[in-house]
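Take a look at the structure below.
Keep in mind that what you see is a predicted model, and the values were worked out from it rather than measured. A, B, ... follow the sequence lines: proteins, then strands. Residue 1 opens every chain.
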Amino acid sequence: MTPLQRAFHDVLADLGEGEVVSYGEVARRAGRHGAARSVGAFLAEHGSDLPWWRVVRADGSLAAHKVAEQQRRLRAEGVEVTGGRVTDAMPR
DNA sequence: TATATGACGTTGC
DNA sequence: AGCAACGCCATAT
């Protein structure tokens with residue numbers, strides 16, 4: 001585990017129920033402003049044991065892989081999702 | 001070192 | 001609003 005991965009992990013692990021953030025936001029919270037793509041790369045392997053469904057794109061759209069799955073989980077936490085986008089919680 | 005790749009972001013059309 | 005071009009960061013070859 002590189003310090004960066006540890007950082008990303010911590011940020012993601014701190015996300016609470018119904019708390020939605022963007023990839024860029026995660027990068028910033030981890031002290032790596034602009035490293036949004038890296039967050040995605042990280043989630044690609046260690047995402048299985050983290051609340052990956054609480055991470056969406058900057059415009060609120062869901063990650064283009066398991067859209068249905070992610071939408072299901074978000075709604076289960078009370079997050080409003082319409083047309084593949086989060087509409088109530090405004091990330092950043 | 002150099003190049004290619006991708007769960008992204010911003011801007012311009 | 002939707003899409004294409006770039007730009008960006010970290011990794012894998």
Side-chain angles (χ1 to χ4, degrees):
Chain A
M1 270 311 209
T2 74
L4 175 59
Q5 313 210 307
R6 192 186 80 272
F8 283 162
H9 176 95
D10 291 344
V11 174
L12 294 167
D14 277 324
L15 296 179
E17 185 172 306
E19 180 179 1
V20 182
V21 295
S22 69
Y23 292 85
E25 173 64 9
V26 174
R28 288 194 335 172
R29 292 191 185 186
R32 277 279 161 293
H33 184 68
R37 300 191 77 151
S38 304
V39 175
F42 170 74
L43 284 179
E45 29 184 356
H46 313 84
S48 24
D49 41 275
L50 284 167
W52 56 268
W53 58 90
R54 298 179 186 157
V55 186
V56 302
R57 292 188 181 168
D59 61 356
S61 59
L62 311 187
H65 309 270
K66 311 174 162 185
V67 186
E69 175 71 1
Q70 181 165 25
Q71 174 176 292
R72 185 181 68 69
R73 297 205 180 205
L74 285 175
R75 280 177 171 165
E77 296 187 346
V79 179
E80 188 176 343
V81 185
T82 46
R85 326 255 194 78
V86 175
T87 58
D88 66 338
M90 238 315 252
R92 190 161 293 257

(message) Show me the pairs that pass ring pair (Phe, Tyr, Trp, His ring centres under 6.0 Å) and involve residues 32-56 of chain A, at least two apart or across chains.
(response)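 As it turns out, the ring pair (Phe, Tyr, Trp, His ring centres under 6.0 Å) pairs with a partner in residues 32-56 of chain A, which skip direct neighbours, are Phe8(A)-Phe42(A), Phe42(A)-His46(A).
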(message) So which atom in Ala27(A) and which in Ala36(A) form the shortest heavy-atom distance, rounded to 0.1 Å?
(response) CB-N, 4.0 Å
(message) Please find the pair of heavy atoms, one from Val39(A) and one from Tyr23(A), that lie closest to each other, and give the distance.
(response)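 Taking every non-hydrogen atom into account, CG2-O, 3.7 Å.
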Nearest-Å distance for atom pair [atom1]/[atom2], residues [X] and [N]:
X: Arg57(A); N: dT10(B); atom1: CZ; atom2: P; value: 13 Å
X: Lys66(A); N: dA7(B); atom1: NZ; atom2: P; value: 13 Å
X: Leu62(A); N: dC8(B); atom1: CG; atom2: C1'; value: 14 Å

(request) Sugar-phosphate atoms are those with a prime plus P, OP1 and OP2; base atoms are the rest. Using that split, label each nucleotide of nucleotides 1-13 of chain C B, S or - for protein heavy atoms under 4.0 Å, 5' to 3'. (result) -S----BBBSS--
(request) Compare all side-chain heavy atoms of Val55(A) with those of Leu50(A) and state whether any distance is below 4.5 angstrom. (result)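 They are not in contact (no side-chain heavy atoms under 4.5 Å apart), so the answer is no.
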(request) Would you mind reporting whether Glu19(A) and Asp14(A) have side-chain heavy atoms less than 4.5 Å apart? (result)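 Side chain of Asp14(A) against side chain of Glu19(A), heavy atoms only: no contact under 4.5 Å found.
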